[in-house]
Amino acid sequence: MALFQPKREAPSQVDFEHLPRHVAIIMDGNGRWAKRRGLPRTAGHAAGAETFRTIATYCKDIGLEYLSVYAFSTENWRRPMEEISAIMGLLKKYLLEAIAKMERDRVKMKFFGDLSPLTPELRQLCLETEEISRHYDGVQVNICLNYGGRDELVRAARAFAADCLKGGARPEDLTEATFSNYLFSAGVPDPDLVIRPSGELRLSNFLPWQAAYAELYFTDVLWPDFSKEELNRALADYQHRARRFGGV
Ligand code: FPP
């Protein structure tokens with residue numbers, strides 16, 4: 001038996017009839033993209049926001065059901081205030097545009113994360129986009145904003161404990177399915193595929209519960225350079241994998 005498995009050929013054709021339901025992306029590499037061009041990190045985030053627009057639109061066009069993106073983590077508050085403000089500013093710009101064309105695009109927007117530390121204006125915009133798009137049937141875009149996977153799990157545990165104290169729940173009745181209902185992602189199917197550009201090989205606290213069985217796809221391409229073609233490569237690669245969920 002051969003001890004060495006040659007690397008399999010990267011498939012290039014996507015079967016658009018059998019797409020994964022949910023793709024999640026860690027939008028990484030904005031800072032390095034800017035540094036390589038001698039630009040401030042904020043320019044990398046601006047380019048990253050453009051890529052996000054392109055990819056979200058493409059996901060809508062190909063009929064993907066759910067797209068989740070990591071826009072700002074609970075740890076990202078450690079960054080310089082100027083950079084945080086720039087990211088929040090880009091989000092605000094995106095949401096204002098999204099609201100303006102929501103009726104036409106029918107993209108459903110959701111936010112995963114604790115929105116309370118945001119400025120009242122940005123928080124209001126987030127809630128408004130969720131509310132307006134509540135019944136839309138295009139792709140559902142989940143923006144993970146001030147999101148941390150461990151934080152999400154602790155919040156869920158707290159909320160469940162509070163329900164037990166109120167008498168509305170009993171510890172012995174808790175199942176994986178009922179616990180999922182306490183997460184930001186309640187009602188959303190787990191991601192089938194998690195993509196991380198920029199060459200980093202870790203999940204960084206991104207959807208740890210939900211991604212338990214997700215296929216992982218890593219590429220060296222930096223997020224601002226990520227394209228529809230790159231997404232197609234990830235989708236085609238995903239379609240050539242055998243998902244066994246612990247079975248044989
Ligand atoms: C990670 O790259 C990226 C972020 C922390 C911010 C992502 C934000 C955007 C793409 C813009 C706003 C989003 C929307 C949804 C409009 P990094 O800065 O850690 O890159 P590096 O590892 O190369 O430094």
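Because the structure is a prediction, the values reported are computed rather than measured. Computation of the quantities below employed the complete heavy-atom set of this structure, encompassing side-chain atoms and omitting hydrogens, waters and symmetry-equivalent molecules. We count ligands from 1, going down the list as the structure has it; atoms in each ligand are counted the same way.
For E215 and Q239, the side-chain atoms include no donor-acceptor pair closer than 3.5 Å. Between the side chains of H22 and D192, no donor-acceptor pair of N or O atoms lies under 3.5 Å.
A salt bridge between R32 and E200 is present, with a side-chain N of the basic residue lying under 4.0 Å from a carboxylate O of the acidic one. Using a 4.0 Å cut-off between charged side-chain N and carboxylate O, E230 and R233 make a salt bridge.
The shortest N or O to N or O distance between D28 and ligand 1 is under 3.5 Å.
The nearest heavy-atom contact from the protein to atom 11 (C) of ligand 1 is H45 O, 3.7 Å. For atom 16 (C) of ligand 1, the nearest protein heavy atom (residue, atom name, distance) is Y94 CB, 3.8 Å. For atom 1 (C) of ligand 1, the closest non-hydrogen atom of the protein is M27 O, 3.2 Å.
Between Y70 and F206, the ring planes are parallel. Angles under 30° get that label, and only those over 60° would be called perpendicular. Ring geometry for F160 versus Y182: interplanar angle over 60°, hence perpendicular rather than tilted (30 to 60°).
A distance-only check finds no donor-acceptor pair linking the side chain of R106 to the backbone of D137 [under 3.5 Å].
Considering each of N76, L222, N30, the one bringing a non-hydrogen atom nearest atom 5 (C) of ligand 1 is N76. Comparing E50, R79, E83, R32 by heavy-atom distance to atom 18 (O) of ligand 1, the nearest is R79.
If you number the atoms of ligand 1 from 1 as listed, the ones under 4.0 Å from a heavy atom of G48 come out as 10 (C). The atoms of ligand 1 that sit less than 4.0 Å from any heavy atom of A71 are 6 (C), 7 (C), 8 (C). Annotation for ligand 1: atoms under 4.0 Å from non-hydrogen atoms of G31 are 17 (P), 18 (O), 20 (O), 21 (P), 23 (O), 24 (O).
Residue R41 touches ligand 1 through its side chain alone, judged by heavy-atom distances below 4.0 Å.
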